[in-house]
Amino acid sequence: MAKLRVAGTWSGVLDEVDLENWTVPMLREEVAKRSNVPAGSIKLICAGRMLKDGDGTEKLSELGIKANSKILASRVAVDEGKSLKDAEELNQRLARVKEAVVALSTRHTDGALPLEDFNMEIEDQLGNKLHLPESDRQALMMGLMLHTNGKGLIRKGKFRDALEVLNMAEESFSLCNPKTIELVDNIAMLQMDMVWCYFMLKDIACLSVAGVRLDKARDGFERAHGKDASRLKLLQAGNSSELAVYMRLELLEAVVAYHSGQLEKSRRYLMSAQTKYKRLQVSDEVLSVVMGMGFKENEAKRALRINNQDVERAVDFLVEERARKALKREENLKRQAEILEQKKYGVTPLKKAVDIQLLNGLVSIGFAKELAAEALRRNENDTQKALDDLTNPEINASIQVSFWNYIETKNAKRQKQDTDSKIQLLVSMGFDMSAVVAAVQAGGTMEAIMQRLLQQGPLPNPAAAAAQAQAAAQVAAANAEPPADASFSESRDVEMEDEIADELARTDALSDYDIDVTREGEAINEYLALLDSTGSSSGSASTSG
């Protein structure tokens with residue numbers, strides 16, 4: 001028997017699940033019973049994949065569900081065909097997001113040669129790279145990418161979709177070493193974002209789960225930021241970047257307390273949140289002063305909020321931020337150049353890139369760069385083994401032969417690709433294929449080749465030209481050099497990977513703290529009015545916050 005963790009319409013642990021005998025309909029029936037809803041209205045997702053009934057005989061173990069797997073349960077309106085269609089489309093998108101995140105995190109954590117011209121790094125709030133064990137690094141990177149994608153959906157108002165992605169992010173973070181997670185505030189931020197989705201969806205059914213998540217968020221922020229955010233303020237030179245985050249946290253705690261009947265506790269949280277909300281309001285006067293110095297409205301507002309409306313400090317902050325971004329761009333350009341250089345040297349037997357830092361170390365003691373790169377490549381970046389090979393005359397000679405053979409083969413492939421491209425282009429213009437092949441093989445510039453072809457006679461009719469162009473394209477495709485990792489490239493979801501990479505590129509160390517607090521202000525006033533309408537601020541027992 002196994003245990004399954006369930007979240008969503010009902011949250012808890014299902015004990016004694018027989019994975020070898022239970023089917024999806026049986027699991028759905030059990031979750032529906034505990035959720036007090038019809039079984040037909042429950043949708044189950046595991047690891048980003050919707051669990052379908054099939055023929056009703058496929059067992060949970062056959063679907064890859066294991067002990068302690070996390071099941072996300074959500075409710076759909078079965079009487080509305082559109083809802084079912086939307087659910088299916090969401091499931092497909094979730095699967096694409098998960099696959100893209102796994103692919104990106106794998107390529108950017110195991111030393112493989114990136115297919116892109118960029119490299120992803122995990123940084124702290126000061127922009128310093130975090131050096132983590134590979135397993136933690138990949139799990140944390142997956143969690144961060146999913147969390148970023150979820151936040152993008154929140155900004156678009158797609159809260160239900162965001163919630164599904166955030167659940168996957170939570171699952172990824174759970175794979176990290178707990179000690180590693182305690183060093184960052186990402187988990188705390190994730191818990192709060194999930195409750196924000198509950199709030200925006202007006203999902204009162206998630207009230208008990210929301211309370212637990214908010215407790216985890218507050219504990220996580222205190223561990224990462226210190227008591228009263230003292231550590232965070234020290235790291236960030238005394239600014240108040242955390243103010244909007246704690247205001248949202250207190251608002252959500254107030255909402256949970258109100259709907260739990262803890263009115264006095266709710267009022268305390270609301271009053272504290274309201275104080276922070278007022279501190280976050282930027283006057284038109286100070287905003288115009290900062291914008292008058294050449295800064296955009298959004299960045300000026302953020303700087304003023306973070307620096308307690310102090311114009312001088314806000315401007316200093318913006319100048320430093322621009323300097324940091326400029327330095328970051330330089331580092332990115334340097335890394336792009338390194339990746340392009342790595343691509344010249346090929347990959348190791350285990351498909352890893354040549355380590356540029358190790359290569360530069362060997363070059364610094366007098367070895368030729370190309371030979372040092374080949375020695376590292378064939379020795380899986382083992383510096384000592386590469387050094388032994390380079391200092392052995394016989395092996396050194398074989399390295400030279402191997403490297404120059406590689407260069408010649410690569411040049412020959414490039415030349416063949418160039419020839420095939422010329423043939424395809426000229427045939428598409430209407431020239432006879434056999435004449436084109438002969439003209440290209442004779443050599444010369446593209447202009448000279450076309451002159452020779454034009455001297456041979458008129459172009460064929462359009463239909464014949466189209467047929468020849470298609471044939472040339474098939475030849476070129478058949479002779480094209482496969483990608484460095486063809487098996488992986490074929491299954492790449494480039495569109496989704498690019499979308500996730502673009503989202504990451506738009507974030508920085510303070511993105512999580514840059515919150516537009518308009519909705520929070522409205523909610524504070526709304527719940528204070530609800531409390532006032534009760535006629536008493538202490539009508540129920542209070543608990544400590």
Side-chain angles (χ1 to χ4, degrees), residues 103-121 129 131-135 137-138 141 330-422 441 443 476-492:
L104 282 168
S105 62
T106 300
R107 290 207 302 277
H108 290 269
T109 55
D110 67 357
L113 186 64
L115 298 175
E116 309 86 356
D117 64 350
F118 61 84
N119 196 36
M120 295 180 182
E121 300 286 353
K129 292 181 177 60
H131 300 286
L132 303 169
E134 187 171 308
S135 58
R137 178 178 163 81
Q138 182 168 0
M141 188 175 285
E330 289 180 13
E331 291 176 349
N332 287 342
L333 289 172
K334 181 181 177 182
R335 180 55 185 144
Q336 286 174 356
E338 287 181 350
I339 292 172
L340 290 174
E341 183 180 358
Q342 285 176 312
K343 289 181 177 179
K344 292 194 305 185
Y345 305 132
V347 294
T348 70
L350 293 180
K351 305 299 182 186
K352 304 296 174 65
V354 171
D355 190 302
I356 293 295
Q357 289 185 334
L358 299 180
L359 174 59
N360 290 337
L362 290 175
V363 171
S364 69
I365 58 177
F367 293 104
K369 181 171 260 190
E370 290 78 7
L371 299 184
E374 176 61 16
L376 286 169
R377 187 198 67 77
R378 60 167 57 187
N379 286 291
E380 291 293 343
N381 287 311
D382 187 315
T383 305
Q384 187 56 54
K385 290 181 179 179
L387 194 58
D388 290 343
D389 285 354
L390 289 167
T391 53
N392 183 308
E394 293 183 7
I395 299 179
N396 187 296
S398 73
I399 289 175
Q400 293 188 45
V401 171
S402 175
F403 177 75
W404 292 115
N405 283 341
Y406 167 74
I407 293 297
E408 288 177 6
T409 301
K410 192 171 183 180
N411 288 339
K413 287 181 178 179
R414 185 179 294 114
Q415 185 174 1
K416 188 176 187 313
Q417 284 181 321
D418 182 55
T419 299
D420 290 341
S421 296
K422 287 180 180 177
Q441 288 177 346
N479 294 326
E481 180 182 5
D485 188 355
S487 61
F488 187 82
S489 298
E490 287 173 0
S491 60
R492 276 188 71 196

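- No side-chain heavy atom of K369 sits under 4.5 Å from any side-chain heavy atom of K344.
- With sequence neighbours left out, A372 forms a side chain to side chain contact (heavy atoms under 4.5 Å, CB included) with L359, L362, F367, L390.
- Shortest non-hydrogen contact noted between I399 and L371 is CG2-O, 3.8 Å.
- Applying the salt bridge (charged side-chain N to carboxylate O under 4.0 Å, His left out) test to residues at least two apart or on different chains, the pairs with a partner in residues 377-388 are E374-R377, E374-R378.
- Scanning both residues, A353 and T348, for their nearest heavy atoms gives O-CG2, 4.4 Å.
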Margin query: N381 vs V354, test: side-chain contact (heavy atoms from CB on, under 4.5 Å). Steps then yes/no.
Written below: CA-CA 6 Å; N381 287 311; V354 171; 4.2 Å; yes
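- Put simply, CD on E341 and CD1 on I339 are 11.5 Å apart, with the number rounded to the nearest 0.5 Å.
- The distance from atom CG of L387 to atom CG of L376, rounded to the nearest 0.5 Å, is 9.5 Å.
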